[in-house]
Student: 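If you scroll down you'll find the structure; I have some questions about it.
The chain is numbered in sequence order, starting from 1.
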Amino acid sequence: MEQPNNPLHGITLKQMVTELQEHYGWGYMGYMVNIRCFTHNPSIKSSLTFLRRTPWARAKVEELYLEMLQNRR
């Protein structure tokens, strides 16, 4: 099933977190989405573990990712 109007279609959570970290850095990500896995000893692995278990935090990360994509254009 194709989702041509969904910019998140085909993007993994790992890809989102990695691109956000490369673009903004952990400090800004922790400021925008105030969660410990971004502010205290951050890593991709700990972030993915937390985000997979916490729907509200994942939604905020997806919003931040969409903002980043929009700003790149």
Side-chain angles (χ1 to χ4, degrees):
M1 194 182 311
E2 291 292 316
Q3 296 183 15
N5 295 327
N6 183 354
L8 296 178
H9 180 71
I11 305 294
T12 64
L13 184 58
K14 183 176 183 178
Q15 184 178 350
M16 268 190 262
V17 173
T18 302
E19 287 185 38
L20 285 168
Q21 192 278 323
E22 290 171 355
H23 186 75
Y24 292 123
W26 292 116
Y28 185 76
M29 288 172 63
Y31 173 76
M32 294 302 291
V33 183
N34 190 13
I35 52 179
R36 287 185 60 86
C37 63
F38 289 169
T39 61
H40 295 80
N41 197 18
S43 73
I44 299 290
K45 184 179 178 183
S46 68
S47 299
L48 293 175
T49 301
F50 180 77
L51 293 171
R52 287 181 179 132
R53 293 182 294 145
T54 316
W56 66 264
R58 182 180 179 140
K60 289 186 175 271
V61 168
E62 288 173 351
E63 287 176 29
L64 184 60
Y65 184 77
L66 290 172
E67 285 179 29
M68 180 190 73
L69 289 178
Q70 184 133 8
N71 289 338
R72 282 184 175 174
R73 295 180 185 170

Student: Quick one: closest heavy-atom pair of Ile11 and Met16, and the distance?
Tutor: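 Ile11 and Met16 have their closest heavy atoms at CG2-CG, 3.7 Å.
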Student: What distance do Glu67 atom CD and Tyr24 atom OH have between them, rounded to the nearest 0.5 Å?
Tutor: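 Rounded to the nearest 0.5 Å, the CD-OH separation comes out at 6.5 Å.
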Student: Can you tell me how far apart CD (Gln21) and OG (Ser47) are? Round to the nearest 0.5 Å.
Tutor: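 The distance works out to 9.0 Å.
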Student: Which residues satisfy the ring-ring contact (aromatic ring centres under 6.0 Å, His included) test with Phe50, sequence neighbours excluded?
Tutor: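 Partners of Phe50 under the ring-ring contact (aromatic ring centres under 6.0 Å, His included) test: none.
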Student: Rounded to the nearest 0.5 Å, how far apart are OG1 of Thr12 and CG of Leu48?
Tutor: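 Interatomic distance, Thr12 OG1 to Leu48 CG, rounded to 0.5 Å: 8.0 Å.
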Student: Listing request: all salt bridge (Lys or Arg N to Asp or Glu O under 4.0 Å) pairs with a residue in residues 16-32, at least two apart in sequence or in separate chains.
Tutor: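 Only Glu19-Arg72 qualify under salt bridge (Lys or Arg N to Asp or Glu O under 4.0 Å).
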Student: When rounded to the nearest 0.5 angstrom, what distance separates CG in Leu51 from CG in Leu13?
Tutor: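 Those atoms lie 5.5 Å apart.
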Student: Would you tabulate the side-chain donor-acceptor contacts of residues 31-44 under 3.5 Å, counting partners in other chains and residues two or more places apart, or write 'none'?
Tutor:
residue: Thr39; atom: OG1; partner: Ile35; partner atom: O; Å: 3.4
residue: Ser43; atom: OG; partner: Ser46; partner atom: N; Å: 3.1
residue: Ser43; atom: OG; partner: Ser46; partner atom: OG; Å: 3.1

Student: Could I get the full list of salt bridge (charged side-chain N to carboxylate O under 4.0 Å, His left out) partners for Glu62, not counting sequence neighbours?
Tutor: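 By the salt bridge (charged side-chain N to carboxylate O under 4.0 Å, His left out) rule, Glu62 matches Arg58.
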Student: Where do Met29 and Val17 come nearest, in terms of heavy atoms and distance?
Tutor: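 Where Met29 meets Val17 most closely, the heavy atoms are CE-O, 4.3 Å.
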